[in-house]
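Everything on this sheet refers to the single structure shown next.
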Amino acid sequence: MSRFPFAPPPALRPENIQARFRSALHEPRTAVVLGRWLGAAFLVCFLTGLISHGLQDPPGWLRNHLPSRPVDGYRITQGLHVITGIACIPLLAAKLWTVYPKLFTWPPARSVLQALERLGIALLLGSAVLLLFTGLLNTLQWYPWPFPFRQTHFWLAWIAIGGLLLHIAAKAPVIQENWRRVRVPVVDGRRAFLTGVLLSVAAVTVVTAGQSVPWLRRFDLLAPRRPDLGPQGLPVNRTAVAAGTAQTSGADWRLTVTGPRGYTLTLDELAALPQYTAQLPIACVEGWSASAHWTGVRVRDLLDRAGAPESARLRVVSLEQGGPYRTTEMESSYAHDPLTLLALRVNGEVLAADHGFPARIIAPNRPGVLQTKWVSRLEVLA
Ligand SMILES: Nc1nc2c(c(=O)[nH]1)N[C@H]1C(S)=C(S)[C@@H](COP(=O)(O)O)O[C@H]1N2
Ligand SMILES: [Mo]
């Protein structure tokens, strides 16, 4: 047993570990029940993550097929993404506790098959811990690492799915054997343990989900943000001061629209065009969302006036000098949606500087990062 490259230190010898973890709960049925819950939460989190990634940075083949409906689609999928991601934390902890002694089996593998099985676990566990850690810090708007969050989180998710498939395949016999409850030999305390796990999931959900679920707002104790706090009842990620746009005056500002018949408008001219109001949410990838009544000019009217074709895509340019969201692109399905506005007002008031004065983009079923503030140019793309 100790011949595999080196012997484990005494504290890590399997028999010593097993001796310290004698609870009957370290048995397969508990692991299978927890695995099902964790697997379901993880799958919802994975799929909603793919949706978020696809909407924010669509690959070329997908670009012209992004739907601008349902209006609240992204708000719901991103809310679910963060809720299920947070739920995975206690579920993963409980699952790990259950199978813990097995992780120290020595030697690590006796056959190729077992080596594959353990590779699956290593990939799954390593990537899952990193996914949950980076995701959680992202909801706190804290990026204490040198690598880009979104790409890292995205690729970790694929590694985790690969590890999960390998893990399920390797454990298929155990899973099958323990899928159904066996009535007679019930392990003492399993039900209490599983109830405890469910209660912790419920607790972390209730104290964080208020950042996207309005009726849970009162219990939003641990979520980093209350979506109804901020100027004009909406939170602010990037302030006008941080963006360097705080001094913008309505009198000096101009909107330039490029295209076959490009033109420039003053704020008064823009405000004199037909105005529309739409109730649309801002749904931030960081997990909060909030709905508001936005009033402004339809982007499609502005494009028609510039002679843009129906299929035109758009580049939106902000007054902001730097920052990753200074320019964004908009597909034609959004640009031509009657609800997509270059908004001048929110909830009946002129936009606050922090919300993008004098004009911001607001469009249905889109991640918040694409709702560009302090807009100064709309460029029609060929
Ligand atoms: N020009 C510009 N527009 C921007 C941003 C920005 O950094 N610069 N942030 C975006 C993000 S991440 C979100 S979620 C929405 C809403 O952010 P707010 O709450 O700061 O208005 O605005 C978006 N518009
Ligand atoms: Mo955001």
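When all heavy atoms of Thr258 and Ala306 are compared, the pair lying nearest together is O-CB, 4.1 Å. In terms of heavy atoms, Leu342 sits closest to Val299 at N-CG2, 3.8 Å. Asn365 approaches Pro67 most closely through the heavy-atom pair ND2-O, 2.8 Å. Of all non-hydrogen atoms in Val350 and Gln232, the two that sit nearest each other are O-NE2, 2.7 Å. Shortest non-hydrogen contact noted between Ile175 and Ile168 is CD1-O, 4.0 Å. Ala160 approaches Phe42 most closely through the heavy-atom pair CB-CZ, 3.5 Å.
Judged by distance alone, the side chain of Thr105 and the main-chain N or O of Pro108 form no donor-acceptor pair under 3.5 Å. Thr48 places a side-chain N or O within donor-acceptor distance of the main-chain N or O of Val44, the cut-off being under 3.5 Å. No donor-acceptor pair closer than 3.5 Å links the side chain of Gln56 to the backbone N or O of His53. Formation of a donor-acceptor pair under 3.5 Å by the His293 side chain with backbone atoms of Gly348 is not found in this model. A donor-acceptor pair under 3.5 Å is formed between the side chain of Trp374 and the backbone N or O of Ala353. A side-chain donor-acceptor contact under 3.5 Å links Gln371 to the backbone of Ala363. Gln321 contributes a side-chain N or O that, together with a main-chain N or O of Leu319, makes up a donor-acceptor pair within less than 3.5 Å. With hydrogens and angles disregarded, no donor-acceptor distance shorter than 3.5 Å links the side chain of Arg181 to the backbone of Asn178. Side chain of Tyr74 to backbone of Gly79: no donor-acceptor contact under 3.5 angstrom is found. Checking side-chain atoms of Trp294 against main-chain N and O of Arg360 turns up no donor-acceptor pair under 3.5 Å.
Cluster annotation: Leu43 and Ile83 are assigned to distinct hydrophobic clusters (Ile/Leu/Val/Met/Phe/Trp/Tyr, side-chain heavy-atom contacts under 4.5 Å, transitive). There is no path of hydrophobic side-chain contacts, each under 4.5 Å, that joins Leu130 to Ile159. In the hydrophobic cluster analysis, where Ile, Leu, Val, Met, Phe, Trp and Tyr join through side-chain heavy atoms closer than 4.5 angstrom, Leu339 is grouped together with Val316. Hydrophobic clustering, with ILVMFWY side chains joined whenever heavy atoms are under 4.5 angstrom apart, keeps Val82 apart from Leu131. Connection of Val99 to Leu125 is not established within any shared hydrophobic cluster, with ILVMFWY side chains joined at heavy-atom distances below 4.5 Å, either directly or through further cluster members.
Between Arg305 and Arg261, every side-chain heavy-atom pair lies at or beyond the 4.5 Å cut-off. For the pair Tyr334/Leu370, no side-chain contact is recorded, criterion being any heavy-atom separation below 4.5 Å from C-beta on. Side-chain contact check for Thr84 versus Phe46: every heavy-atom pair is 4.5 Å or farther apart. Between Leu270 and Gln275, every side-chain heavy-atom pair lies at or beyond the 4.5 Å cut-off. His336 is listed as a side-chain neighbour of Leu303, based on a closest heavy-atom distance under 4.5 Å. Contact of the Leu255 side chain with the Val375 side chain is registered, since non-hydrogen atoms from C-beta on lie closer than 4.5 Å. Looking at heavy atoms from C-beta onward, Ile89 lies in side-chain contact with Leu136 at the 4.5 angstrom threshold. Between Arg254 and Thr266 the shortest side-chain heavy-atom distance falls below 4.5 Å.
Applying the side chain to side chain donor-acceptor pair (under 3.5 Å) test to residues at least two apart or on different chains, the pairs with a partner in residues 153-169 are Thr134-His153.
Taken from CG in Leu267 to CG in Leu344, the straight-line distance is 6.0 Å, to the nearest 0.5 Å. The CG atom of Leu119 sits 12.5 Å away from the CD atom of Gln114 when rounded to the nearest 0.5 Å. From Leu378, atom CG reaches atom OH of Tyr263 across 7.5 Å, with rounding to the nearest 0.5 Å. Rounding to the nearest 0.5 angstrom, the gap separating the CG atom in Leu34 from the CG atom in Leu38 is 8.0 Å. In this structure, CG in Leu124 is found 13.5 Å from CZ in Arg118, a value given to the nearest 0.5 Å. To the nearest 0.5 Å, atoms CD (Glu379) and CZ (Arg377) are separated by 4.5 Å.
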Dump the intermediate steps for side-chain contact (heavy atoms from CB on, under 4.5 Å) on Leu302 and Val297, then the final yes or no. CA-CA 8 Å; Leu302 294 170; Val297 181; 3.8 Å; yes

List the steps and the verdict of side-chain contact (heavy atoms from CB on, under 4.5 Å) for Ile362 and Thr340. CA-CA 6 Å; Ile362 187 80; Thr340 298; over 6 Å; no

Please step through ring-ring contact (aromatic ring centres under 6.0 Å, His included) for the pair Trp97 and Phe193, ending with a clear verdict. CA-CA 11 Å; Trp97 179 84; Phe193 174 64; 5.1 Å; yes

Check step by step if side-chain contact (heavy atoms from CB on, under 4.5 Å) holds for Ile121 and Leu103. CA-CA 9 Å; Ile121 293 178; Leu103 293 182; 4.0 Å; yes

Taking it one step at a time, do Val204 and Leu222 satisfy side-chain contact (heavy atoms from CB on, under 4.5 Å)? CA-CA 8 Å; Val204 294; Leu222 288 190; over 6 Å; no

Side chain to side chain donor-acceptor pair (under 3.5 Å) evaluation trace for Thr30 with Thr98: CA-CA 7 Å; Thr30 317; Thr98 307; 5.9 Å; no

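The 12-atom threshold is not exceeded at OH of Tyr100, counting heavy atoms of other residues, nucleotides or ligands nearer than 6.0 Å. For CG of Leu113, the number of neighbouring non-hydrogen atoms (other residues, nucleotides, ligands) closer than 6.0 Å is 12 at most.
In summary, the side chains of Ser311 and Ser332 do not present any donor paired with an acceptor at a separation below 3.5 Å, with no hydrogens or angles considered. Counted by atom type alone, Ser318 and Thr372 present zero donor-acceptor pairs between their side chains at under 3.5 Å.
With respect to the salt-bridge test (charged N to carboxylate O, under 4.0 angstrom), the residues Arg150 and Asp57 qualify. Classification of Arg238 and Glu320 as a salt-bridged pair holds, one side-chain N sitting under 4.0 Å from a carboxylate O. Salt bridge Arg69/Asp337: present, at least one basic N to carboxylate O contact under 4.0 Å.
Only one option out of Ile161, Leu164, Leu156 pairs with Ser127 in a side-chain contact (heavy atoms from CB on, under 4.5 Å); it is Leu156. Checking Arg63, Arg366, Arg313 one by one against Glu329, the salt bridge (Lys or Arg N to Asp or Glu O under 4.0 Å) holds for a single residue, Arg313.
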Which donor-acceptor pairs under 3.5 Å do side chains of residues 285-292 form with protein atoms, sequence neighbours excluded?
from	atom 1	to	atom 2	distance (Å)
Glu286	OE1	Gln141	NE2	3.2
Glu286	OE2	Tyr143	OH	2.6
Ser289	OG	Arg75	NE	3.0
Ser291	OG	Gln279	NE2	3.3

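Relative to the six-membered ring of Trp179, Arg29 misses at least one condition, a distance below 6.0 Å or an angle of at most 45° to the axis.
Checked against side-chain contact (heavy atoms from CB on, under 4.5 Å), Glu177 has no partners two or more places apart in sequence or in another chain.
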